[in-house]
Student: 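The following block contains the structure, expressed as structure tokens.
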Amino acid sequence: MSPRHVVILLALGLAALPAAADWKSSLGKFAEQAKEIKAAVVVPEEDEERALGQDVAATLLGASKPVANPKLQQYVNRVGLWVALQGSRPNLAWRFAVLDNDNVNAFATPGGYVFITRGLLAQLQSEAELAAVLGHEIAHVEKKHHLKAMKKDAGIKLLGRGVGHVAGSAGSAEDRERLSQVAGVAKGLYARGLDKEDEYDADRTGTILAARAGYDPYGMVQVLQTLDGVNADASKFALLFKTHPKPAERLARLDQALGSRLDSVGQRPVVAERFLASMRK
Amino acid sequence: MRKVLLLLACIAGPALAAVQSGTITRPAELRTTPFSDGKLVKTLPQGTGVEVVKRVGGWYEVKAPGATGWVRMWVLRFSAPASGATSAQQTAQVLRSGRSGSTYTTATTGVRGLSEEDLANAVPDPAAVQALESLAVGQSDARGFAHQAALKADPRALK
């Protein structure tokens, strides 16, 4: 049931109210009932988003597995959560993971799953840069970029499953059917990429989140300059450069949006030592 | 070996681990200090090749033909190194793999995935999503971790 349906229900209920002197108590009772109906029938939007995100994450993890290094995974979770706590959705169940492959990329799914490849980690030089990259992905989640794009692609059909359900072989036939539908849409979207404007937006927001987390605010600039300087023909960059605007263009847009203001943040830690130590564990 | 690792870890950071070459992308003021009121050395024309020594805040220290000084970070573009990896990246990779720098290009594990083709052929793995739960950390853990590195939340930054 959508919120609009609840509103219609409420309106019907109000029309049926007796014009009695105790209308106030009737109204109170009705509001109480409406609340119960809503709780029973409407799956909270955030749960739907999370369930969809789990299916998208399952699809991405079908293409590449997390690195079998709990210390590294925990390190990235700590940095990622610290950055996410500075944003607009601090209480999402944020989950971060390093994927074991050489392709240079990072991904976010609806509901708070964020993946970075080992290949992209190898391009970074400090925790401030990692914070900016994770901040970029967190921004996609906060602003629901993938959720909106998937809804546009597939309509509301993708939603409606609560997080209580288990997808895959243990789930119901209905859940398996939904997982396969979500996987189809996700494969299309993650191979095609988001709208360019969403990427520029995530660069700005990622920079802001890293700065609010107390890091050197130039992490994103540094990462984009590194990517601008690589040999873009190498196959490990193929999907990244196909699905994102050119690094030089992203730098120009970031400069336009925030360039003159980054100095106002002042000198902040880049946290290089802890980053490098965590990489070699 | 440990001494070498320690040394490498110390020199990384805002200072680049090794000299990198770059190009000035638009006419850029070269200053004696990394501040906009630093004394002007000269204006570097677009296309000037420079060597980048280090970064401090939003500034790079560069060696330009006949002059040394600081330029804004935004005016620089790095050149693609012939090996496909910058020295700093090679350093990081050596630290990670414990191998010598020359093996960088072949020091991959052979694991593929997340190319466009791999994505198209992916079979969803819900169990792998569930397994992520055991790696998650709590909010107070994340806050303590930030504190250890002297990171302070600044909600007003770039407002």
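The shown structure was predicted, so the numbers you read here are calculated from the model rather than taken from an experiment. We use all heavy atoms of the structure for the numbers below, so side chains are in, but hydrogens, waters and symmetry mates are not.
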Student: How close do A:N77 and B:A136 get, heavy atom to heavy atom, and via which atoms?
Tutor: OD1-CA, 4.1 Å

Student: If I measure from the heavy atoms of chain A, does B:A149 come under 4.5 Å with its side chain, its backbone, both, or neither?
Tutor: both

Student: Does any heavy atom of chain B fall under 4.5 Å from the side chain of A:D233, the backbone, both, or neither of them?
Tutor: neither

Student: Look at the side chain of B:K152 and the backbone N and O of A:G214, then say whether any donor-acceptor pair between them is shorter than 3.5 Å.
Tutor: no

Student: Could you tell me which non-hydrogen atom of A:T59 sits nearest to which non-hydrogen atom of B:A122, and how far apart they are?
Tutor: O-CB, 3.5 Å

Student: Salt bridge or not for B:R55 and A:D216, using N-O below 4.0 Å?
Tutor: yes

Student: Identify which of A:V265, A:L258, A:L239, A:V76 forms the greatest number of heavy-atom pairs closer than 4.5 Å to chain B.
Tutor: A:L239

Student: Determine the minimum heavy-atom distance between B:Q139 and A:P90, stating which atoms define it.
Tutor: NE2-O, 3.4 Å

Student: Under the 3.5 angstrom rule, does the side chain of A:Q225 hit a backbone N or O of B:L76 as a donor-acceptor pair?
Tutor: yes

Student: Kindly give the heavy-atom pair with the smallest separation between B:L132 and A:P66, and that separation in Å.
Tutor: CD2-CG, 4.1 Å

Student: Side chain from CB out, backbone as N, CA, C, O: work out which of these in A:A238 comes under 4.5 Å of a heavy atom of chain B, or both, or neither.
Tutor: neither

Student: Would you mind reporting whether A:D263 and B:W59 have side-chain heavy atoms less than 4.5 Å apart?
Tutor: yes

Student: Measure distances from A:L99 to the heavy atoms of chain B and classify the residue's part below 4.5 Å as side chain, backbone, both or neither.
Tutor: side chain

